[in-house]
Amino acid sequence: MSDSNLYNVTSPEHFKELLSADLKRVSLINFYAPWAALCHQMNAVVTELAKKYPELLVLQVEAEEQEDIAESFGVDAVPFIVLLRGHEKLGDVRGGDEPGLKQMVDKFLGKGAPTIREYPDIHAAEEKDSEAALLERMHRLMKQSRVVLFMKGDPENPRCGYSRKAVHILRQSEVEFTHFDILQDEGVRQGLKELNKWPTFPQFIVNGEFIGGLDVIQDMADSGEFDEVFYA
C-alpha cells in the first residue's frame, strides 16, 4: 500500500527513512494485527483520516512482524495508534476508540477548529483500590470459575497474539473457562504480576491457583500434563 501519505512499513530501516524525511510533519503510526477484528475497524478509520488529511504521514505497522518497532513504542496490545511530530509524542489511542482517534488528529491538523475538549484517557485517573481490597478482588476473580484466563481483550477479540493462542489452546481442548480482560483494570493487571510472581499475560488459573503462562501451558500440553491439571 503506498498512496501519497499512506505506507505499509516493511522494516525498521524503512520506518526510520519515512519518519525522518520531514521531522516537522505530523505522523500517525498504526500498530495492528491482521487477525484482530478490532484492528480491521480501526484500519478503516486510519485510511479515512489519511484521505482527509493529506499532510498527515500515516505508517501502518504490523506489530508481530515488526517486533523491534513495536517494542520501541511499548506496544503490548493492538490496535495501538501513536501520533508524533518528528520524535515528539503528541498522544496515543488504544483499542477501538474511534472518536478519540479522530479528535486527537483533528486537534493537531484541523483547519480553524475551535478549542477542542481533551478526550478522556480511558487509562488515566482510575480510582485505586486499597491494597487489601485489591487483593480480595483478585482472589475473587481467580475463583469465578474452575478455569479462568486473564488475558488482553476477550476470547472473541483478543488484543495480543499470546492471548489469541491461549484461547485457541483452551477451545481446542474443549476446556470450559471464563476470562478477565486485564487491559480494562490496571490495578488487577499490576496486582496479578505481584500476586502470582509472573510478569506477563495471559495467565492461567485452575481452582483459584495460578498454573502458569502460555509457555508453561504449551509445555504441559506437549508432555500430557495438561489433561491432569485442566480435567482433574
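Every heavy atom of this structure was used, including side-chain atoms; hydrogens, water molecules and symmetry mates were not. Just so it is clear, the structure is predicted and the values come from calculations on it, not from any experiment.
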* To do: Any ring-ring contact (aromatic ring centres under 6.0 Å, His included) involving residues 181-214? Give me the pairs, sequence neighbours left out, ordered by first then second residue.
  => Trp198-Phe210

* To the nearest 0.5 Å, what is the distance between CG (Leu170) and CD1 (Ile217)? -> 8.0 Å

* Asked: Are Ile182 and Lys193 close enough that some pair of their side-chain heavy atoms sits under 4.5 Å apart?
  -> no

* To do: Taking the side chain as every heavy atom from C-beta outward, state whether Leu135 and Leu195 have any pair of such atoms under 4.5 Å apart.
  => yes

* Asked: So, does Gln66 use its side chain to make a donor-acceptor pair with the main chain of Ala63 at under 3.5 Å?
  -> no

* To do: Considering non-hydrogen atoms only, spot the tightest contact between Glu64 and Cys160 and give its length.
  => OE2-C, 4.5 Å

* **Under 3.5 Å: donor-acceptor pair, side chain of Lys89, backbone of Val82** => no

* To do: Test Leu57 against Val26 for side-chain contact (heavy atoms from CB on, under 4.5 Å), laying out the working first.
  => CA-CA 6 Å; Leu57 175 64; Val26 175; over 6 Å; no

* Given side chains that start at C-beta, do those of Asp92 and Leu83 come closer than 4.5 Å, heavy atoms only? -> no

* To do: Evaluate whether atom CD of Glu136 has more than 12 neighbouring non-hydrogen atoms of other residues, nucleotides or ligands under 6.0 angstrom away.
  => no

* To do: Just do the salt bridge (Lys or Arg N to Asp or Glu O under 4.0 Å) check on Glu156 and Arg171 with the steps written out, would you?
  => CA-CA 12 Å; Glu156 302 307 320; Arg171 285 182 167 172; 2.6 Å; yes

* Ile211 and Met220: which non-hydrogen atoms are nearest, and at how many Å? -> CG2-SD, 3.8 Å

* Distance-only, no hydrogens or angles: does the Ser223 side chain make a donor-acceptor pair with backbone N or O of Asp219 under 3.5 Å? -> yes

* Contact check, side chains of Leu101 and Glu98, non-hydrogen atoms, under 4.5 Å -> no

* **CE on Met142 to CZ on Phe180, rounded to 0.5 Å** => 12.5 Å

* Are Val46 and Leu38 linked, directly or through other ILVMFWY residues, by side chains that come within less than 4.5 angstrom of each other? -> no

* Under a single-linkage definition using a 4.5 Å side-chain heavy-atom cutoff for Ile, Leu, Val, Met, Phe, Trp and Tyr, are Phe80 and Leu59 assigned to the same hydrophobic cluster? -> yes

* Output the distance between atom CD (Glu62) and atom CH2 (Trp35), rounded to the nearest 0.5 Å. => 10.5 Å

* State, with a plain yes or no, whether a side-chain heavy atom of Val148 is found less than 4.5 Å away from one of Leu141. => no

* Can you tell me if OH on Tyr162 sees more than 12 non-hydrogen neighbours from other groups inside 6.0 Å? -> no

* To do: Flag the pair Leu84 / Leu90 as yes when at least one side-chain heavy-atom distance between them is below 4.5 Å, and no otherwise.
  => no

* **Within the 6.0 Å centroid threshold, strictly below: Phe73 and Phe31** => yes

* Structure fact -> Sorted by chain and number, sequence neighbours left out, side chain to side chain donor-acceptor pair (under 3.5 Å) with Arg85 holds for none

* Apply the test side-chain contact (heavy atoms from CB on, under 4.5 Å) to residues Leu19 and Lys16: give CA-CA distance (whole Å), side-chain angles for both, the deciding distance (0.1 Å), then the verdict. => CA-CA 5 Å; Leu19 200 59; Lys16 291 176 183 177; 5.9 Å; no

* Determine whether Tyr32 and Leu56 fall in the same hydrophobic cluster, where Ile, Leu, Val, Met, Phe, Trp and Tyr are linked whenever their side-chain heavy atoms lie under 4.5 Å apart. => no

* **Euclidean distance, Arg189 CZ relative to Leu183 CG, rounded to 0.5 Å** => 5.5 Å

* Asked: Hey, are the side chains of Asn207 and Val147 touching, using non-hydrogen atoms and a 4.5 Å cut-off?
  -> no

* Can you check whether Thr200's main-chain N or O pairs, donor with acceptor, with Gln203's side chain at less than 3.5 Å? -> yes

* Around His40, counting heavy atoms of other residues, nucleotides and ligands shown, do more than 12 lie under 6.0 Å from its NE2? -> yes

* Please walk me through it: do Val175 and Ile169 pass side-chain contact (heavy atoms from CB on, under 4.5 Å)? -> CA-CA 9 Å; Val175 174; Ile169 288 174; over 6 Å; no

* Closest heavy-atom contact between Lys143 and Gly208? -> CG-CA, 3.9 Å

* To do: For the pair Arg137 and Asp185, find out whether any cationic side-chain nitrogen is under 4.0 Å from an anionic carboxylate oxygen.
  => yes

* Asked: Do any N or O atoms from the side chain of Arg159 and from the backbone of Val78 form a donor-acceptor pair under 3.5 angstrom?
  -> yes

* Where is the tightest heavy-atom contact between His179 and Gly153, given as atom of each residue plus distance? -> CD2-O, 3.8 Å

* To do: Determine whether Leu149 and Thr178 make a side-chain contact, defined as any pair of heavy atoms from C-beta on separated by less than 4.5 Å.
  => no

* To do: With rounding to the nearest 0.5 Å, note down the distance linking CG in Leu49 to CG in Asp106.
  => 9.0 Å

* Is Glu48 paired with Lys52 through a side-chain N to carboxylate O contact shorter than 4.0 Å? -> no

* **Check against side-chain contact (heavy atoms from CB on, under 4.5 Å), Val9 and Glu17** => CA-CA 10 Å; Val9 172; Glu17 177 187 349; over 6 Å; no

* **His14 (side chain) donor-acceptor with Thr10 (main chain) under 3.5 angstrom** => yes

* Kindly indicate, with the supporting measurements, whether the criterion side chain to side chain donor-acceptor pair (under 3.5 Å) is fulfilled by Gln60 and Asn8. => CA-CA 5 Å; Gln60 302 274 50; Asn8 272 337; 5.1 Å; no

* Crowded around Glu209 CD? As in, over 12 foreign heavy atoms under 6.0 Å? -> no

* Measure from the side-chain N and O atoms of Arg25 to the backbone N and O of Glu55, and report whether any donor-acceptor pair falls under 3.5 Å. => yes

* To do: Rounded to the nearest 0.5 Å, what's the gap from OG on Ser163 to CG on Asp181? Could you check?
  => 8.5 Å

* With sequence neighbours excluded, residues passing side chain to side chain donor-acceptor pair (under 3.5 Å) with Glu194 -> none

* Asked: Is it the case that more than 12 heavy atoms not belonging to Glu67 sit under 6.0 Å from its CD atom?
  -> no

* Do any N or O atoms from the side chain of Ser145 and from the backbone of Phe177 form a donor-acceptor pair under 3.5 angstrom? -> no

* Asked: Any donor-acceptor pair under 3.5 Å linking the side chain of Asn5 with the backbone of Tyr53?
  -> yes

